[in-house]
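Structure provided below as structure tokens; questions to follow.
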Amino acid sequence: MHGNPTYMQMAIDLAVENVNSGAGGPFGAVIVHNGEIIATGVNRVTANHDPTAHAEVLAIRAACQKLGDFQLPGCTVYTSCEPCPMCLAAIYWARCEAIYFGCTAKDAAGAGFDDSFLYDEVKKPHADRTIPTGQLLGPEAMASFNAWRSFEKKIGY
């Protein structure tokens, strides 16, 4: 893998600027397609009152809007820090080509952003999770998948 340090530095600069402006946390992301920056994002969790407003997620949303697609094949994500589980999943769902990060998850934990418990929670049986989790109306819920299976105009993903 060979990332472009210029794009990484931009992600880092976005993260630092975001902190210094008081707009949000120390995270920035840049998405590149065919050598062109198509989107950027910064952490806006507190500013937007949105726990999903991570830099990578906001950059993915902007990139998808710009390209007019819900997938980002051929795109590379540069992020100032190793993606959390939510952002990593979003990058995979977007079908990005590569991910480059600056700081590690361990570095983030040292700054007060420890997401290791999320990795642990996912591995636990439902009954053992911190937030009570259980199935309800499973057979009835199958109606949505049955509708999907028979919907002729579906766009697969």
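Computation of the quantities below employed the complete heavy-atom set of this structure, encompassing side-chain atoms and omitting hydrogens, waters and symmetry-equivalent molecules. Numbers for residues simply follow the sequence, beginning at 1.
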Legend entry - Within-4.5 Å side-chain heavy-atom neighbours: T76 and H33: no
Legend entry - Single-linkage hydrophobic cluster, 4.5 Å side-chain cutoff, L14 and V57 together: no
Legend entry - Pairwise distance CE(M8) to OG1(T6) - rounded to 0.5 angstrom: 11.0 Å
Inset, instruction - Hey, could you give me the CG/CD1 distance between L72 and I38, rounded to the nearest 0.5 Å? - result: 6.0 Å
Inset, instruction - Taking the side chain as every heavy atom from C-beta outward, state whether L58 and T40 have any pair of such atoms under 4.5 Å apart. - result: no
Inset, instruction - Heavy atoms only: give me the nearest N48-A53 pair and the separation to one decimal. - result: ND2-CB, 4.2 Å
Inset, instruction - Mark yes or no for whether R61, through its side chain, and A59, through its backbone, hold a donor-acceptor pair below 3.5 Å. - result: no
Legend entry - Neighbour count above 12 (heavy atom, 6.0 Å) for Q71 CD: yes
Inset, instruction - Please check if Y92 and L67 belong to a single hydrophobic cluster, counting links between Ile, Leu, Val, Met, Phe, Trp and Tyr side chain heavy atoms closer than 4.5 Å. - result: yes
Inset, instruction - Could you list who else is in F101's hydrophobic cluster, with ILVMFWY side chains joined at under 4.5 Å, directly or through other members? - result: none
Legend entry - From CG (N18) to CG (D13), nearest 0.5 Å: 12.0 Å
Legend entry - Side chain E82, main chain G102, donor-acceptor under 3.5 Å: no
Legend entry - Spatial distance of atom CD1 (I131) from atom NE2 (H126) [nearest 0.5 Å]: 12.5 Å
Inset, instruction - Treat each ILVMFWY residue as a node, draw an edge where side-chain heavy atoms are under 4.5 Å apart, and state whether V32 and M10 are in one component. - result: yes
Legend entry - Validation row: D50, R44 side chains within 4.5 angstrom (heavy atoms): no
Legend entry - Under-4.0 Å salt bridge between K66 and E36: yes
Legend entry - Atom pair CD1 (I31) and SG (C64), whose distance is rounded to the nearest 0.5 Å: 7.5 Å
Inset, instruction - For residues P83 and I91, determine if any side-chain heavy atom of one lies less than 4.5 Å from a side-chain heavy atom of the other. - result: yes
Legend entry - Ring geometry between Y7 and Y78 (parallel below 30°, tilted from 30 to 60°, perpendicular above 60°): tilted
Legend entry - Heavy-atom donor-acceptor pair, R129 side chain to V122 backbone, under 3.5 Å: yes
Legend entry - Nearest non-hydrogen partners of E56 and C81, listed with the distance: OE2-O, 3.7 Å
Legend entry - Minimal non-hydrogen separation, G41 against A55, with atom names: O-CB, 3.5 Å
Inset, instruction - Determine the minimum heavy-atom distance between K154 and S150, stating which atoms define it. - result: NZ-N, 4.5 Å
Inset, instruction - Tell me whether V19 is reachable from F113 by hopping between hydrophobic residues (I, L, V, M, F, W, Y) whose side-chain heavy atoms are closer than 4.5 Å. - result: no
Inset, instruction - Return the minimal non-hydrogen interatomic distance between A11 and V30, and the atom names on each side. - result: N-CG2, 3.8 Å
Legend entry - Sidechain-backbone polar pair: R95 side chain, F70 backbone, donor-acceptor under 3.5 Å: no
Inset, instruction - State whether the number of non-hydrogen atoms from other residues, nucleotides or ligands found under 6.0 Å of Q9 atom CD is greater than 12. - result: yes
Inset, instruction - Report yes or no: does N43 contribute a side-chain atom to a donor-acceptor pair with the main-chain N or O of G25 at less than 3.5 Å? - result: yes
Inset, instruction - Measure the shortest side-chain to side-chain distance between L118 and C84 over non-hydrogen atoms and say whether it is less than 4.5 angstrom. - result: no
Inset, instruction - Might you point out which heavy atoms bring C103 and D107 nearest each other, and give the distance in Å? - result: CA-OD2, 3.4 Å
Inset, instruction - Look up atom CD in E121 and atom CG in D128, then write down how far apart they are to the nearest 0.5 Å. - result: 9.5 Å
